[in-house]
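The structure appears below as structure tokens.
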Amino acid sequence: MEYVMVDGRTLDRSAAKVDIEDRGYQFGDGVYEVIRVYNGKMFTGMEHLKRLKESAEKIQMKLPYSPEELLARMEELILKNEVDTGTVYMQFTRGISPRNHVFPGENVATTFVAYTRKVPRSVEPMEKGVCAILDEDIRWLRCDIKSLNLLGNLLSKQRAAEANCFEAILHRGETVTEGSHSNISIVKDGVIITHQADNHILNGITRQKMLEICRNESIPFEERAFSLDELSSADEVFSSGTTVEVMPVVEVAGRPVGNGRPGSVTRQLQALFKAEIERQCGQI
Ligand code: PDD
């Protein structure tokens, strides 16, 4: 039996239904979050739930639960499904109403869905590194909102998968923004460079945690846009995100990064990030 949450209720997955006029289903009119679970505990759960609230506010949607209430509900679901290592996914849509581009009134309740998945950590790629392709960032100009509209991301990730690569590094013209499903950073002369948190990227919780670690450990970093040229002459490249943690990118567009092996700064960050997970969730 796999339990899911739909609105206030916990039910068997096979009993969960989506209305054909749910605005998430029809328009992608909603927001979501993915939280990593280690040893049955959520990692940076509250940070994700606060971002969910912010994403909702940015699209003028009011959530029926506070981040604290949601955290408790997600703990319940993780326990019920006996998730040890995995993820919890949740989304809110603007509810069910006759198809109309205009928002329905406040009397239409949001639809809330949450479920869990058991997924082990992908240790091997984290050790060996992965390859990435380059792709033009064709997405809209509010990538800071974690919205259900992921078609631009999907098209890029699909291109990466067809090239047997893990990620597509996106760029708007000469400027690198982020990945199709992660944030991208480079290392040059010991300094980490990652795009500033603005409307062109999702301000990853992993990215924020990583920068906090850098501050505490006096690892130099710059939050600024960097160019394709800087990417191709970088000493190290890595991707970061909830599902990928800190992932070395050792090949970009068919060319090796540095010596083609995970670099020392990336390795150091991986170790510090793992230590932070273990501090919050126990040994992994
Ligand atoms: N993706 N940028 C994009 C476009 C993303 O989709 C993600 C995460 C990130 C990293 O954010 P965070 O560190 O908060 O996970 C950056 C999630 C996991 C997904 O859609 O599956």
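All ligand and atom numbering here is 1-based and tracks the order in the structure.
Those atoms of ligand 1 that come under 4.0 Å of a heavy atom in Arg51, given as number and element, are 14 (O). Using a 4.0 Å cut-off to heavy atoms of Gly241, the atoms of ligand 1 that qualify are 10 (C), 13 (O), 15 (O). Shown in contact with Thr242 at under 4.0 Å from a heavy atom are these atoms of ligand 1, numbered in order with element: 12 (P), 13 (O), 14 (O), 15 (O). Residue-ligand proximity, Asn183 to ligand 1, at heavy-atom distances under 4.0 Å covers atoms 10 (C), 16 (C). Near Gly179, meaning under 4.0 Å from any of its heavy atoms, are these atoms of ligand 1: 4 (C). Taking every heavy atom of Ser180 and a limit of under 4.0 angstrom, the matching atoms of ligand 1 come to 4 (C). Of all atoms in ligand 1, numbered sequentially from 1 with element shown, those under 4.0 Å from a heavy atom of Gly204 are 11 (O), 12 (P), 13 (O), 14 (O).
Polar contact with ligand 1: present for Tyr32 (N/O pair, distance under 3.5 Å). Not a single N or O atom of Leu150, backbone or side chain, sits closer than 3.5 Å to an N or O atom of ligand 1. For ligand 1, the polar-atom distance check against Ser240 finds no nitrogen or oxygen pair separated by under 3.5 Å. Close N/O approach between Glu178 and ligand 1 is found [any backbone or side-chain N/O within under 3.5 Å].
Under a cutoff of 6.0 Å and an axis angle of 45°, Arg94 and Phe103 form a cation-pi pair.
Phe166 has its ring centre less than 6.0 Å from the ring centre of His181.
The closest approach between a heavy atom of His48 and any atom of ligand 1 is below 4.0 Å. Residue contact check for ligand 1: Lys209 places no non-hydrogen atom closer than 4.0 Å to it.
Taking 4.0 Å as the cut-off between side-chain N and carboxylate O, Glu276 and Lys209 count as a salt-bridged pair.
Atom 6 (O) of ligand 1 has its closest protein heavy atom at His181 CA, 3.5 Å. Among all non-hydrogen protein atoms, the one lying nearest atom 17 (C) of ligand 1 is Lys146 NZ, 3.3 Å. Protein heavy atom at the shortest distance from atom 13 (O) of ligand 1 is Thr206 OG1, 2.6 Å.
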### Task
Under the side-chain hydrogen bond (donor to acceptor under 3.5 Å, both in side chains) rule, what do Ser227 and Asp229 come out as? Steps first, then yes or no, please.
CA-CA 5 Å; Ser227 68; Asp229 281 347; 5.0 Å; no

### Message
Go through it in stages, so that I can follow the logic: the residues are Ser239 and Ser182, the test is side-chain hydrogen bond (donor to acceptor under 3.5 Å, both in side chains), and I'd like the CA-CA distance, side-chain angles, deciding distance and then a yes or no.
### Response
CA-CA 6 Å; Ser239 140; Ser182 66; 2.8 Å; yes

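Under 4.0 angstrom from ligand 1, there are no non-hydrogen atoms of Cys143. Residue-level proximity to ligand 1 for Asn153 is carried by the side chain, the only part with a heavy atom below 4.0 angstrom.
Formation of a donor-acceptor pair under 3.5 Å by the Glu236 side chain with backbone atoms of Thr266 is found in this model.
Atom CD of Gln60 has 12 or fewer heavy atoms from other residues, nucleotides or ligands within 6.0 Å. Within 6.0 Å of NZ on Lys50 lie no more than 12 heavy atoms contributed by other residues, nucleotides or ligands.
His200 and His195 have perpendicular rings, their planes meeting at more than 60° on a 0 to 90° scale where under 30° would count as parallel.
Between Asp29 atom CG and Ser147 atom OG the span is 9.0 Å, to the nearest 0.5 Å.
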